[in-house]
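Read the structure below first, then the notes.
If you're wondering where the values come from, they're calculated on a predicted model, not measured in any experiment. Letters A, B, ... are given to chains in the order of the sequence lines, protein chains preceding strands, and every chain is numbered from 1.
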Amino acid sequence: MSATVSSRQPLDPAAPARTTPRGEKGRGRAGRQLHGGKITYAVLILFTIGSLFPLVWTAIAASRTNTRLAQTPPPLWFGGNLFNNLDKAWNGANMGTALLNTTVVAGTVAASTVLFSTIAGFAFAKLRFRFKNILLMLTIGTMMVPPQLSVVPLYMMVAKLEWTDQLQAVIVPTLVSAFGVFFMRQYLSQALPTELIEAARMDGASSLRIIWHVVFPAARPAMAVLGMLTFVQSWNDFFWPFIALTQNGNPTMQVALTGLSRGYTPDQSLIMAGALLGTLPLLIAFVLFGKQIVGGIMQGAVKG
Amino acid sequence: MTAPSGFTPDTAAPPAGQGGAAPRAATAPAPDPAEQRRRDRRSRRYRWDVRWSPYAFVAPFFVFFAAFGLFPLLYTGWASLHQVELTSPTHMEWAGWHNYSRLWEDEFFWKALRNTFTIGVISTVPQLMMALGIAHLLNYRLRASMFFRVAILTPYATSVAAATLVFALLFGHDYGMVNWSLGLVGLDGIDWQNGTWTSQIAVSTIVIWRWTGYNALIYLAAMQAVPNDLYESAALDGASRWKQFLHVTVPSLRPTILFTVVVSTIGATQLFGEPLLFNTAGTATGGADHQYQTLGLYMYEQGWVNLHLGRASAIAWTMFLILLLIAAANALFARRLRKSQ
């Protein structure tokens with residue numbers, strides 16, 4: 001809700017204007033070099049609270065009992081029921097299996113996406129072959145197509161292969177990504193000097209050797225970024241897993257969460273414990289690698 | 001000898017003979033026959049490698065891409081012309097345009113279309129405007145700027161499912177925190193579930209919360225690429241910071257803004273998890289009165305609750321056509337913007 005509070009502020013002309021020290025006009029100090037003033041900080045802090053509060057509150061709710069959550073002043077501080085709820089979710093509601101499944105899915109998908117995207121991206125960035133531009137346009141064009149559009153045939157395929165409720169139903173269709181290929185192509189066309197490949201060629205290196213010894217080392221930073229982004233996306237993927245996997249069969253975290261909320265009297269503290277379990281691994285990753293993830297998204301934006 | 005076409009720069013001409021690094025060209029003195037054969041073999045292998053490996057490198061991507069992306073995309077169109085039931089998804093019966101004409105007469109389809117549009121607008125417009133403002137503030141030199149960047153991106157790490165379940169609780173009628181806070185300032189509690197606007201605002205809030213930070217970082221990246229002298233000359237002309245923001249920052253960001261508009265629009269047309277899970281009754285109707293059922297959710301309801309996969313395909317293709325229309329409108333809009341500049 002503080003999001004709506006801050007919605008006016010950033011566009012308020014007063015906020016940035018006050019941060020301009022007088023007399024600097026014409027001294028060649030441009031926007032991004034100026035220090036933010038008090039109002040800048042105030043707005044950003046409000047916005048940060050708005051971003052983080054629902055997450056903190058999830059932990060608070062997960063540490064309470066179901067009865068306490070159905071009382072009028074909502075809990076604003078932690079209670080003593082966290083481990084009880086987590087245990088109920090982990091063992092009783094099969095969240096442990098779901099967590100393991102999600103890790104397997106997201107790990108496999110991220111690794112395979114990074115591998116295939118790097119190789120294909122390299123070919124698109126640095127090699128010459130017929131139909132290259134047509135294939136690249138095709139790749140980019142379908143990035144715009146929503147997944148809903150292919151879900152019915154995918155479901156038929158999965159049914160025919162008898163993969164329903166099995167993890168490969170979720171993994172196999174997402175092993176490659178058009179975005180990944182495009183991302184690596186953009187990175188490699190700038191970061192990988194063509195002379196380096198030519199030199200390796202002169203030395204008689206085969207294409208596979210060049211991939212291994214020249215392309216992979218040059219692509220490493222982008223591979224890390226793509227891997228992180230794909231992992232987060234796959235971890236949080238909802239639509240297709242929800243259709244391909246049922247809640248009681250072999251769910252991923254997101255599918256298992258929907259199972260928790262069904263029923264006549266859902267246990268809210270249990271749901272919040274599940275939500276916490278499903279989010280915590282990525283939150284920890286954000287604390288550890290936040291800087292790199294931010295950098296990756298900003299880089300993807302510039303190059304994309 | 002055919003010129004090797006593989007490992008050469010895109011722009012430069014393919015190396016001819018000598019420079020092409022083909023080992024064969026390097027021979028000067030007469031070699032013995034065995035040596036010659038080995039060289040020939042190596043040269044053949046080299047040419048073969050250069051010629052075909054690019055295809056080998058893109059092949060895995062395109063094999064999966066064709067099987068799980070392109071083929072289903074087209075097959076959906078084919079399935080939409082058939083009657084297919086979820087109970088036997090491989091049995092298809094020709095139905096012509098029947099699925100589409102059924103949609104045309106279906107009041108819930110029109111409702112879902114309208115809801116998708118209104119939720120799309122009330123989630124996308126404030127989201128992108130806030131993101132632009134936040135990015136502008138983050139573009140100042142700040143203490144702890146990395147902390148702010150990571151903090152505003154954190155919602156991106158939460159899933160639709162987790163975020164929606166949490167927000168459904170926060171927006172609860174009797175014990176929800178939002179209504180409790182409204183009560184603190186003397187306002188009546190709002191029925192976030194059952195009203196048309198209120199439920200749509202609540203669903204949009206989830207979208208806004210998850211994606212504003214992400215878009216802000218994309219804008220920030222673009223802002224940092226704006227050359228300084230543009231601001232300098234604007235400042236020389238006496239433009240205030242607000243004017244500079246309007247007349248330097250925003251125009252420079254135009255391609256990025258267009259990009260985020262397109263991406264958010266696509267995201268809005270496929271909204272599914274939020275309206276599904278915001279419904280505490282646990283059905284796919286998007287509220288008792290379908291008041292926040294989106295096209296994506298409607299498609300799921302038709303296909304996987306009412307078991308009509310053919311009709312679900314027809315909805316999917318209708319969504320595709322709508323997206324194409326939006327893309328065309330965007331392109332037109334972008335052209336007019338460029339002309340007016």
Exercise. Measuring heavy-atom distances to chain A, does B:Leu70 have an atom under 4.5 Å in its side chain, in its backbone, in both, or in neither?
Worked result: side chain

Exercise. When the ring centroid of B:Tyr300 is compared with that of A:Phe242, is the distance short of 6.0 Å?
Worked result: yes

Exercise. What's the spacing between B:Leu277 CG and A:Ile271 CD1 if we round to 0.5 Å?
Worked result: 10.0 Å

For this session: Using non-hydrogen atoms and a 4.5 Å limit, figure out which bit of A:Val255 sits close to chain B: side chain, backbone, both or neither.
Result: neither

Problem set entry | CZ (A:Phe289) with more than 12 external heavy atoms under 6.0 Å | no

Exercise. Do any N or O atoms from the side chain of B:Tyr55 and from the backbone of A:Arg130 form a donor-acceptor pair under 3.5 angstrom?
Worked result: yes

Exercise. Are the side chain of B:Trp209 and the backbone of A:Gly50 linked by a donor-acceptor contact shorter than 3.5 Å?
Worked result: yes

For this session: With a 4.5 angstrom heavy-atom cut-off, could you sort out which part of A:Val294 is near chain B: side chain, backbone, both or neither?
Result: both

Problem set entry | Inter-residue atom distance B:Thr76.OG1 - A:Gln148.CD, 0.5 Å rounding | 11.0 Å

Exercise. For A:Trp57, is it the side chain, the backbone, both or neither that has a heavy atom under 4.5 Å from a heavy atom of chain B?
Worked result: side chain

For this session: Under 4.5 Å heavy-atom distance to chain A, tell me which part of B:Arg143 shows up: side chain, backbone, both or neither.
Result: both

For this session: May I ask you to say whether A:Arg209 pairs ionically with B:Asp49, meaning some side-chain N is under 4.0 Å from a carboxylate O?
Result: no

Exercise. Is the closest side-chain heavy-atom distance between B:Phe61 and A:Ser117 below 4.5 Å?
Worked result: no

Exercise. Within the side chain of A:Asn236, is there an N or O that forms a donor-acceptor pair under 3.5 Å with the backbone of B:Val160?
Worked result: no

Seminar exercise, completed: Among B:Val263, B:Leu153, B:Leu323, the residue with the most heavy-atom pairs under 4.5 Å to chain A is B:Leu153

Problem set entry | Residue part contacting chain B, namely of A:Thr142, when any heavy atom lies under 4.5 Å | side chain

Exercise. Would the A:Phe239 and B:Phe272 ring centres measure less than 6.0 Å apart?
Worked result: yes

Problem set entry | B:Trp52 and A:Phe129 aromatic centres sub-6.0 Å | no

Problem set entry | Residue part contacting chain B, namely of A:Gln71, when any heavy atom lies under 4.5 Å | backbone

For this session: Side-chain contact test, heavy atoms from C-beta onward, threshold under 4.5 Å: evaluate it for B:Phe65 versus A:Leu138 and give yes or no.
Result: yes

Exercise. B:Leu169 and A:Thr58: side chain to side chain contact (heavy atoms under 4.5 Å, CB included), yes or no, with the steps?
Worked result: CA-CA 10 Å; B:Leu169 201 52; A:Thr58 308; over 6 Å; no

For this session: For chain A, find which of B:Phe148, B:Phe147, B:Trp78, B:Trp317 contributes the most heavy-atom pairs closer than 4.5 angstrom.
Result: B:Phe148

For this session: Determine whether B:Met177 and A:Leu76 make a side-chain contact, defined as any pair of heavy atoms from C-beta on separated by less than 4.5 Å.
Result: yes

Problem set entry | Worked check of side chain to side chain contact (heavy atoms under 4.5 Å, CB included) between A:Val176 and B:Phe68 | CA-CA 10 Å; A:Val176 300; B:Phe68 298 104; over 6 Å; no

Exercise. With a 4.5 angstrom heavy-atom cut-off, which part of B:Leu309 approaches chain A: side chain, backbone, both or neither?
Worked result: both

Exercise. With only heavy atoms counted, which part of A:Leu149 is less than 4.5 Å from chain B, the side chain, the backbone, both or neither?
Worked result: both

Exercise. Any sub-3.5 Å donor-acceptor pair from B:Tyr156's side-chain atoms to A:Val232's backbone N or O?
Worked result: no

Exercise. Between CD1 of A:Ile210 and OG of B:Ser53, what distance do you get to the nearest 0.5 Å?
Worked result: 8.0 Å

Exercise. With side chains defined as the heavy atoms from C-beta onward, is the minimum distance between A:Gln268 and B:Leu165 less than 4.5 Å?
Worked result: no

Exercise. Shortest non-hydrogen contact from B:Ala162 to A:Thr279?
Worked result: CB-OG1, 3.6 Å

Exercise. Roughly how far apart are A:Met298 CE and B:Gln224 CD, rounded to 0.5 Å?
Worked result: 4.5 Å

Exercise. Does the side chain of B:Tyr75 come within less than 4.5 Å of A:Ser150's, by heavy atoms?
Worked result: no

